[in-house]
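This chain uses plain numbering: 1 for the first residue, then up along the sequence.
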Amino acid sequence: MRRTSRPTDVPTGPPQPGNLPHELNRFVGRAAELTDLATALEAGRLVTVTGVGGVGKSRFAARAAAGIPAPLCPDGVWRVELASVRLPELVEYTLAEALGLTDHTTRPPRQVLVDHLAERRLVLVLDGFEHLVDACASLVRDLLRAAPGLRVIAVGRRPLAVEGERVFPLAPLTPTDAAELFADRAAALLPEFRLDGHTMVDVLEVCRRLDCLPLAVELAAGRLRVLSPAQLMERLDDRFRVLRGGGRDALPRHQTLRTTIGWSHELCTPQERLLWARLSVFSGSFDLEAAEYVCGGGGLHADDVLDVLDELLGQSVVAREETPGRVRYRMLDTVRAYGAEWLDSMGDGDRMRRRHRDWYMGLATWCELDWFSPRQGEVAARIEAELPNLRVALEFCLTEPGETRLGQYLAGTLWFYWAGCGRLSEGRHWLDRSVGLDAAFDDDLDLGLVGDDLEFGAARLKALWVLGYVAILQGDTVPALAALQECREEADRTGDATALAYAVHRTGCLALVTDDMPRAENLLRTALTSYREIGELNSNVLMGQVELAMTLAFQGELAEAVALCEDVRQVCEDHGERWALAYALYVLAYAQWTEGSFARARAMLDECLAIGHEFHDLLGTVLAMELLALVTAEEGDAAEAAVLQGAAARMWPSVGLPLFGSAHYNAPHELCETRARQALGDARFAELARAGERLGHDEAVSRALVRGRRQRAATAVPHPSRPAEAVREKREPAASHTWKGGETAG
């Protein structure tokens, strides 16, 4: 039974922006429904596809979205997977992540989304929202009101109940389409399988018994490795009687899906059922090593997890995902939820969630150590992939009695991800929560020895200095100062030299961005001396050197600033460190600019920009873009300088206070604008700056880097002016920004 035409194929054409996944197997049927959904989306801006779990809502919505004509959504189609999001307050972060937004400010994430979508024409597919209905309904309502070019396809088991919503109930497949789906999936396992007179009757009966639900049909087809269609039909008849669920008043289709999944569960061996239940503690995807550690033991040896997992893959209980360098696995949410019920019924839920937490605590610890190595890029990608599981681990620690200190440790240990990979806003969320918990929450925990008290106290101190650091980068100085002062006082009281050094370091950072250069220099020198005394060497220590160098450069002490950054450059080369290297290159480029060596400055800034963009470090990216604009003006291209300034201006609202509100950081910006306006005139400058503001983030970075490559191919002609003298006239700190604090450290 094969069709000669493919009416539901997506029309070919130029690729659109977006993140819709590519289909890995054939989409079957639903031609009429696809047409009806397209009509509904033209008539209204919110269409919610509803239906029982397993009816194929997600696949159907993705196929429909892929077929929307490009003129209706020139800014693309973006899918947001919400099934693994367990907390309502993370919905907005997840949507921002799917859209590729990076925002370091203290702005509410909803405002960030509103600002981004207000002038765009795109389609959002919100998939799996049913456990977050209130949060999603509120967000969708606000976004649709603020963004007239936005259309939303919501996918869930119930409507959002938002004004203007058009509900699109998705029925099961027709028996003919269900049989074709069964045959297609069966042929993938058994290439010789065909629908013919011998198999057609049995397959159609299997599909009817399963109410033609796609998930149920695919699970059934997966059993053809061990059962014939006739045997399938016989076993389904038995399992329907045994595994009816959901209560007498539950919808029959709900009972049918539960029966289907329960039947698949019953066909598993005891070890397969045990692994299924234990895997339910994971959120999003997971890898084999995590599964072996978390799920091994107590009836399932860790060495056997691989073989049992392979059996679950063969039965479509677990899906395989290809990622660079390693294979990952994922469970459908419905299948995961079924396993979670079994896990809790066995009384093993709390123990498994603790093992899950322990694994991801260890992963974060290892990644923090490995960040200072040539594997920084791999570490960033690993944490990105594990973020849903890290969120679950953090939530467990911050809601379970006796776990608060571990939550503080985990939130603080991930500093390199929050600060180095564009996650300041979410990092601030977890850090604020962790340090805000009442210490009495852990009073019932018997810590035993004094050393344990010191260890658990160190966890809170680490969370405090990381919170201060993140708040500084966001431009939120008052909470930053409060967190750092508390950290310094408590570290001094308990004799924690490491926490004290970090607190002093970050307080020096705060003085730097608020234009108190003498105090910044004093604090940073004190911190670096402490690091040497305690034997600390990592990316944070290198950043302390870079920040001291920036302080000296702002005060005209270029020789020492360059020496410090050249030392950082050498250490980075020795250890394969690249994140701190980018900031060292920024300071070195600043020094080259002041000396009129524009070609060298540009080469350094290009590398700085490329690294910042690779790590999604928006602060490093925008600082490099600002200085590149000035170098471009010095090279005589005022028009391009204006475009780059416009591009930087668009980035700053997602970072924080532009140039920290610092007169010193702002001086090159003002000098660039002055020279560009003189060369172009106010009207032309404004026009070109607006053109820069219209550039997307990736487009702006690409443009700057391409120009750098072209510029290095030509001979650079130094500008006749003396930039160092010009900037000194502009960088006197504004009195309103002067940092005010307590006594200097030491």
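- Ring planes of Trp371 and Phe416: tilted class, angle from 30 to 60°.
- We find that Arg382 and Asp287 are joined by a salt bridge, their nearest charged nitrogen and carboxylate oxygen being less than 4.0 Å apart.
- Arg110 and Ser138 are linked by a side-chain donor-acceptor pair at a separation below 3.5 angstrom, with hydrogens and angles left out of the test.
- Using a distance-only test at 3.5 Å, with no hydrogens or angles considered, no donor-acceptor pair links the side chain of Asn19 to the main chain of Leu99.
- Interatomic distance, CG of Leu279 versus CG of Leu309, reported as 6.5 Å (0.5 Å rounding).
- For Asp358 and Arg355, the salt-bridge test fails: no basic side-chain N is under 4.0 Å from an acidic carboxylate O.
- Using a 4.5 Å heavy-atom cutoff, the side chains of Thr94 and Arg391 are in contact.
- Remark: the backbone N or O of Val125 is not paired with any side-chain donor or acceptor of Arg79 at under 3.5 angstrom.
- The pair Glu81-Arg330 does not count as a salt bridge, with every side-chain nitrogen at least 4.0 angstrom from each carboxylate oxygen.
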Full working for side-chain contact (heavy atoms from CB on, under 4.5 Å) between Leu300 and Val305: CA-CA 7 Å; Leu300 179 62; Val305 169; 4.2 Å; yes
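- Annotation for Asp115 and Arg107: closest pair OD2-NH1, 2.8 Å, computed over non-hydrogen atoms.
- Within a 6.0 Å radius of CG in Asp134, other residues, nucleotides and ligands contribute 12 heavy atoms or fewer.
- Of all heavy-atom pairs between Trp359 and Val294, the closest is CB-CG2, 3.9 Å.
- For Arg460 (side chain) and Val435 (main-chain N/O), a donor-acceptor pair under 3.5 Å exists by modelled atom type.
- Using the six-membered ring where Trp is involved, Tyr338 and Trp342 have ring planes that are tilted, between 30° and 60° apart.
- Between His356 and Phe396, the distance separating the two ring centers is not shorter than 6.0 angstrom.
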Derivation of the side-chain contact (heavy atoms from CB on, under 4.5 Å) call for Ser283 and Arg86: CA-CA 9 Å; Ser283 180; Arg86 304 193 182 180; 3.8 Å; yes
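- Cys608 and Ala582 get closest at one heavy-atom pair: SG-O, 3.2 Å.
- At a threshold of 4.5 Å between non-hydrogen side-chain atoms, the residues Leu288 and Val327 do not count as touching.
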Worked verdict on Asn540 versus Phe372 for side-chain contact (heavy atoms from CB on, under 4.5 Å): CA-CA 9 Å; Asn540 265 308; Phe372 185 56; over 6 Å; no
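- Side chains of Tyr417 and Glu384: a donor on one and an acceptor on the other come within 3.5 Å.
- Neither side chain, Gln485 nor Arg488, offers a donor N or O lying under 3.5 Å from an acceptor on the other.
- Note that the CG atom of Leu101 and the CG atom of Leu95 stand 7.5 Å from one another [nearest 0.5 Å].
- Met331 is listed as a side-chain neighbour of Val318, based on a closest heavy-atom distance under 4.5 Å.
- The shortest side-chain heavy-atom distance between Glu89 and Arg433 falls under the 4.5 Å cut-off.
- A salt bridge is defined here as a Lys NZ or Arg NE, NH1 or NH2 lying under 4.0 Å from an Asp or Glu carboxylate O, and Arg357 with Glu403 meets this definition.
- Annotation: side chain of Leu524 is in contact with side chain of His505 (closest heavy-atom distance under 4.5 Å).
- A donor-acceptor pair is defined here as one N or O able to donate and one able to accept, closer than 3.5 Å; no such pair exists between the side chain of Glu321 and the backbone of Tyr329.
- Within 6.0 Å of atom NE2 in His575, more than 12 heavy atoms from other residues, nucleotides or ligands are found, so the atom counts as buried in its surroundings.
- Shortest non-hydrogen contact noted between Val392 and Val281 is CG1-O, 4.5 Å.
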Stepwise side-chain contact (heavy atoms from CB on, under 4.5 Å) test for Leu160 and Cys136: CA-CA 8 Å; Leu160 282 169; Cys136 288; 4.0 Å; yes
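- For the atom pair CD (Gln271) and CG (Asp304), the distance works out to 5.5 Å, reported to the nearest 0.5 Å.
- Closest approach of Leu398 and Thr404 over heavy atoms only: CD2-O, 4.4 Å.
- Thr494 is listed as a side-chain neighbour of Leu461, based on a closest heavy-atom distance under 4.5 Å.
- No hydrogens or angles considered: a donor-acceptor pair under 3.5 Å links the side chains of Arg532 and Thr529.
- For the atom pair CD (Glu368) and OG1 (Thr365), the distance works out to 7.0 Å, reported to the nearest 0.5 Å.
- Looking at His131, its side chain does come within 3.5 Å of a backbone N or O of Val85 through a donor-acceptor pair.
- Annotation: side chain of Val504 is not in contact with side chain of Ser530 (no heavy-atom distance under 4.5 Å).
- Atom SG in Cys487 sits 9.0 Å away from atom CD in Glu490 (nearest 0.5 Å).
- Atoms OH and CD, on Tyr502 and Glu536 in that order, are 3.5 Å from each other to the nearest 0.5 Å.
- A side-chain N or O of Trp430 and one of Glu426 form a donor-acceptor pair less than 3.5 Å apart.
- Checking side-chain atoms of Glu92 against main-chain N and O of Pro109 turns up no donor-acceptor pair under 3.5 Å.
- Ser539 and Glu577 are linked by a side-chain donor-acceptor pair at a separation below 3.5 angstrom, with hydrogens and angles left out of the test.
- Salt-bridge formation is detected for the pair Asp344/Arg353: a Lys NZ or Arg NE/NH1/NH2 atom is positioned less than 4.0 Å from an Asp or Glu carboxylate oxygen.
- Checked against the 6.0 Å centroid threshold, Trp579 and Phe615 do not count as a close aromatic pair.
- A donor-acceptor contact shorter than 3.5 Å is absent between the side chain of Arg519 and the backbone of Ala511.
- Contact detail for Leu623 and Tyr586: the closest heavy-atom pair is O-CE1, 3.4 Å.
- Taking the side chain as every heavy atom from C-beta outward, Val568 and Leu581 never approach each other to under 4.5 Å.
- Using the six-membered ring where Trp is involved, Trp415 and Tyr469 have ring planes that are tilted, between 30° and 60° apart.
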